[in-house]
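First up is the structure itself, then whatever we jot down about it.
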Amino acid sequence: QGRRRLHAELPPQGVLAHGHLLERRLPVPGRGQAAHQQLVVALLQRVAGHRPGRGRHRGGRRDSLRSVIPEVEAHEVVDDEVRLLAEYGCHVDRLELRSDDIERWSTRKKAVLPLRVIWSREGQSLVERAIERARPDVVHIHNTFPLFSPAVFRTARKSGAAVVHTLHNFRPLCPVGTFLRDGRPCEDCLGRFPLPAVRHACYRGSRAATLPVALMDGLHGRLRTWQRSIDRIIVVSSYEMGKYVEAGWPAEKFRIKYNTTDDAELPTRRPGHHFLSMSRLDPEKGVDVLIGDLAAADQRDLEVVDEAHD
């Protein structure tokens with residue numbers, strides 16, 4: 001106990017520094033942090049031109065790796081990553097915008113929100129000031145929708161810092177972000193300008209609401225903002241990576257890092273015959289598919305935990 005095997009799924013052509021860690025048994029720090037986060041630190045240091053154990057010299061002193069993480073709405077994934085990076089010696093500055101604030105905006109400010117979704121100069125300015133203040137080695141961007149806009153990737157790129165992006169959905173390829181329409185798989189917009197999404201009113205059931213998101217995807221897709229401005233793209237599964245590669249994104253920029261949880265929060269494993277699903281009860285999570293398959297296999301012992309809906 002106190003050791004676990006690090007399982008990580010990387011593209012065959014991956015050249016991640018210290019990739020040999022994947023084949024070793026790694027010591028887990030005292031509080032049981034997820035071992036995948038060592039991979040995150042190695043990835044960031046590889047992109048930034050660093051190696052583990054080596055700092056960056058500024059003004060005659062040795063600094064730890066610095067990272068700025070812009071995001072819209074901090075979720076558990078971001079919170080865990082920031083905490084774990086800090087525990088591994090990285091200094092992290094967070095830049096947050098919350099879409100809940102839109103409700104309190106003036107009518108005039110709300111009127112220009114569709115333009116901001118496509119290209120936000122305010123978002124670019126916020127990121128530029130954060131970079132100037134923190135002087136990071138890495139800018140790790142999680143979510144730019146709807147307030148930052150993908151334009152911030154260009155701003156981050158110009159700073160000279162390495163740029164990392166974690167993709168949590170398919171928003172750059174599909175305005176609704178799920179490749180689902182009316183509860184069924186739909187890839188009409190995959191690899192093309194997303195006019196079908198506007199026609200079907202995919203985002204919030206509204207053509208007017210879908211149009212700026214489709215323009216965001218279409219414009220930055222044509223400009224190749226994501227492909228040209230990002231050094232490393234993190235996804236949570238090989239399936240997610242496959243869809244982006246199918247759409248023409250460069251496979252060599254992708255790394256797969258599964259979501260993590262603290263070992264201390266996991267119960268001891270025991271033999272059993274039950275299945276546990278921990279997921280939101282939303283169509284894109286596929287719980288209905290799981291239930292159908294278990295029923296077909298005559299397996300009825302399934303417990304579903306959905307914290308979001310209690």
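Heavy-atom basis, side chains included; hydrogens, waters and symmetry copies ignored.
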(request) Take Val213 and Arg171 through the test side chain to side chain contact (heavy atoms under 4.5 Å, CB included) and record every step on the way to the result. (result) CA-CA 9 Å; Val213 190; Arg171 183 87 63 192; 4.2 Å; yes
Would you call [X] and [Y] a side-chain contact if the rule is heavy atoms closer than 4.5 Å?
X	Y	answer
Leu126	Leu95	yes
Tyr244	Pro172	yes
Arg204	Val176	no
Ile230	Val164	no
Leu167	Ile233	yes
Ile256	Ser238	yes
Trp249	Leu173	yes
Ile131	Val139	yes

(message) Using a strict threshold of under 4.0 Å (side-chain N to carboxylate O), is an ion pair present between Glu246 and Lys243?
(response)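 Salt bridge between Lys243 and Glu246, a charged N being under 4.0 Å from a carboxylate O: yes.
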(request) Give a yes or no on whether a salt bridge exists between Arg83 and Glu81, defined as a side-chain N under 4.0 angstrom from a carboxylate O. (result)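 Salt bridge flag = no for Glu81 with Arg83.
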(message) Quiz question: by atom type and distance under 3.5 Å, do the side chains of Ser125 and Arg121 form a donor-acceptor pair?
(response)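 Side-chain D/A pair, Ser125 to Arg121: absent.
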Please list, one pair per line, the donor and acceptor atoms closer than 3.5 Å that link side chains of residues 107-115 to other protein atoms, with sequence neighbours excluded.
from   : atom 1 : to     : atom 2 : distance (Å)
Lys110 : NZ     : Glu103 : O      : 3.4

Which atoms form the tightest heavy-atom contact between [X] and [Y], and what is the distance?
X	Y	answer
Leu180	Pro185	CD2-N, 3.7 Å
Ala156	Ile141	CB-CD1, 4.5 Å
Arg255	Glu252	NH1-O, 3.1 Å
Val236	Glu240	N-OE1, 2.9 Å
Gly177	Asn169	O-CB, 3.4 Å
Ala161	Val138	CB-N, 4.4 Å

Looking at [atom1] of [X] and [atom2] of [Y], how far apart are the two atoms once the value is rounded to the nearest 0.5 Å?
X	Y	atom1	atom2	answer
Arg154	Trp226	CZ	CH2	11.5 Å
His165	Arg232	NE2	CZ	15.0 Å
Phe145	Ser99	CZ	OG	9.0 Å
Cys174	Asp217	SG	CG	8.0 Å
Lys285	Thr178	NZ	OG1	10.5 Å
Asp231	Phe153	CG	CZ	11.5 Å

(message) If we check side chain to side chain donor-acceptor pair (under 3.5 Å) with Ser120, which of these qualifies: Gln124, Arg116, Glu122?
(response)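 The residue from Gln124, Arg116, Glu122 that satisfies side chain to side chain donor-acceptor pair (under 3.5 Å) with Ser120 turns out to be Arg116.
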(request) Apply salt bridge (charged side-chain N to carboxylate O under 4.0 Å, His left out) to Asp101 and Arg104, showing your working. (result) CA-CA 6 Å; Asp101 295 340; Arg104 295 186 288 273; 2.4 Å; yes
(message) Using only atom types and a distance under 3.5 Å, with no angle test, would you say the side chain of Thr155 pairs donor to acceptor with the backbone of Val127?
(response)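 It does not hold such a pair.
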(request) Would you sort out whether Tyr239 and Phe179 count as a ring-ring contact (aromatic ring centres under 6.0 Å, His included), showing the intermediate values? (result) CA-CA 12 Å; Tyr239 174 81; Phe179 282 135; 8.1 Å; no
(request) Could you walk me through whether Leu147 and Ile102 pass the side chain to side chain contact (heavy atoms under 4.5 Å, CB included) test, one step at a time? (result) CA-CA 9 Å; Leu147 299 178; Ile102 295 173; 3.9 Å; yes
(message) If you count every heavy atom of other residues, nucleotides or ligands that lies below 6.0 Å from Glu284 atom CD, does the total exceed 12?
(response)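 More than 12 within 6.0 Å, yes.
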(request) Under the salt bridge (charged side-chain N to carboxylate O under 4.0 Å, His left out) rule, what do Arg181 and Asp188 come out as? Steps first, then yes or no, please. (result) CA-CA 10 Å; Arg181 178 164 57 86; Asp188 289 355; 3.5 Å; yes
(message) Please verify the inter-ring angle class for Trp119 with His220; under 30° counts as parallel, over 60° as perpendicular, anything in between as tilted.
(response)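 The arrangement is parallel - the two ring planes meet at less than 30°.
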